[in-house]
Amino acid sequence: VQLQASGGGLVQAGGSLRLSCAASGRTFSSYAMGWFRQVPGKEHEFVAAISGSGLSTYYVDFVKGRFTIARDNAKNMMYLQMNSLKPEDTAVYYCAARRGDYSSSASDYAYWGQGTQVTVST
C-alpha cells in the first residue's frame, strides 16, 4: 500500500488542522493505520491509531480530547482532526499502515507516507 499525507500547515495556538492520508490499493480495510510525529533529532512518536474497520481507536495521552482519528474505507482515506493545538504539537506528521491489529510502535508499521509539516505558533 502507498500512502500520502497532506493537510499540514501553520496555525496559531488553539487552532485546528485536519490531516489526511490517502492510500492506494483495494484492501485498505485490512490495514490498521496510525499517525506518528517526529521532530528533528528524535524518533517517531506515536499519536493515534485506528483498526482496519475503524471501530477501535487508540490515542497517546497527551492528545486525548484534542485529536480524533477516523477513516473512510470506501474512499481509502484516513484523517486526523487536531483541535486546541499547542506549540509542542509542532512536528512532521506521518501516516503509517500495517496488516493486523493497530499498534503504538513505529517499528510495527511497514508502510509510511512522506510526512506533512505542522507548525503551531504562539
Side-chain angles (χ1 to χ4, degrees):
V1 61
Q2 292 183 320
L3 305 174
Q4 183 169 359
S6 62
L10 174 63
V11 64
Q12 288 188 328
S16 298
L17 281 174
R18 188 177 83 153
L19 305 184
S20 298
C21 179
S24 64
R26 295 177 292 178
T27 59
F28 181 60
S29 62
S30 67
Y31 292 88
M33 302 292 294
W35 285 101
F36 291 80
R37 67 189 189 186
Q38 188 177 34
V39 297
K42 293 193 174 182
E43 296 182 348
H44 286 98
E45 179 180 49
F46 172 74
V47 175
I50 189 167
S51 63
S53 67
L55 294 178
S56 297
T57 57
Y58 179 49
Y59 299 90
V60 69
D61 285 347
F62 57 75
V63 305
K64 285 181 180 178
R66 299 191 298 126
F67 292 9
T68 302
I69 190 171
R71 66 190 295 162
D72 184 338
N73 286 342
K75 297 181 178 179
N76 281 17
M77 295 293 295
M78 179 183 62
Y79 306 98
L80 184 69
Q81 178 66 44
M82 305 187 295
N83 298 328
S84 302
L85 282 162
K86 304 176 181 180
E88 51 264 44
D89 293 319
T90 295
V92 178
Y93 283 71
Y94 296 87
C95 58
R98 70 182 303 267
R99 289 193 178 273
D101 294 337
Y102 58 74
S103 169
S104 61
S105 175
S107 61
D108 288 339
Y109 289 81
Y111 307 97
W112 291 81
Q114 85 287 5
T116 184
Q117 175 71 48
V118 171
T119 303
V120 184
S121 64
T122 56

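Listed by chain and residue number, Tyr31 satisfy the ring-ring contact (aromatic ring centres under 6.0 Å, His included) test with Tyr111 (two or more places apart in sequence, or in another chain). Taking Arg66 as the reference, Asp89 meet the salt bridge (Lys or Arg N to Asp or Glu O under 4.0 Å) condition, with sequence neighbours excluded.
Under a 3.5 Å cut-off, the side chain of Thr90 and the backbone N or O of Val120 do form a donor-acceptor pair. The backbone N or O of Phe28 lies less than 3.5 Å from no partner atom in the side chain of Asn73, so there is not a single donor-acceptor pair. When atom types are taken as modelled, the side chain of Arg98 and the backbone of Ser107 share no donor-acceptor pair closer than 3.5 angstrom. Side chain of Ser24 to backbone of Gln2: a donor-acceptor contact under 3.5 angstrom is found.
Taking each heavy atom of Ala106 and His44 in turn, the nearest pair found is CB-CB, 4.0 Å. Cys95 approaches Met78 most closely through the heavy-atom pair CB-CE, 3.6 Å. Closest approach of Gln114 and Ala5 over heavy atoms only: NE2-O, 2.8 Å. The minimum heavy-atom distance between Tyr58 and Ser104, with the atom names listed, is CE2-CB, 3.7 Å. Listed here is the closest heavy atom pair of Met33 and Cys21: CE-SG, 4.1 Å. Listed here is the closest heavy atom pair of Trp35 and Ser20: CH2-O, 3.7 Å.
With 3.5 Å as the limit, one finds no donor-acceptor pair spanning the side chains of Ser105 and Ser103. In the model, Arg37 has a side-chain atom that pairs as donor or acceptor with a side-chain atom of Tyr93 under 3.5 Å.
Linking ILVMFWY side-chain heavy atoms closer than 4.5 Å, directly or via other members, places Leu3 and Tyr79 in two distinct hydrophobic clusters. Grouping the Ile, Leu, Val, Met, Phe, Trp and Tyr side chains by contacts below 4.5 angstrom, directly or via other members, places Phe62 with Leu19. There is no path of hydrophobic side-chain contacts, each under 4.5 Å, that joins Leu17 to Met77.
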Given Thr27 and Arg99, is the side chain to side chain contact (heavy atoms under 4.5 Å, CB included) satisfied, shown in steps?
CA-CA 10 Å; Thr27 59; Arg99 289 193 178 273; 4.1 Å; yes

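Atom CD of Gln4 has 12 or fewer neighbouring heavy atoms from other residues, nucleotides or ligands inside a 6.0 Å radius. In Glu43, the CD atom is not crowded: 12 or fewer heavy atoms of neighbouring residues, nucleotides or ligands sit closer than 6.0 Å. Within 6.0 Å of the CG atom in Asp101, the count of heavy atoms belonging to other residues, nucleotides or ligands does not exceed 12.
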Only pairs under 3.5 Å count here: list side-chain donor-acceptor contacts from residues 7-16, not counting sequence neighbours, and write none if there are none.
| unit_1 | atom_1 | unit_2 | atom_2 | d |
| --- | --- | --- | --- | --- |
| Ser16 | OG | Asn83 | OD1 | 2.9 |

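Using a 30° and 60° split on the angle between ring planes, Trp112 and Phe36 fall in the tilted class, from 30° to 60°.
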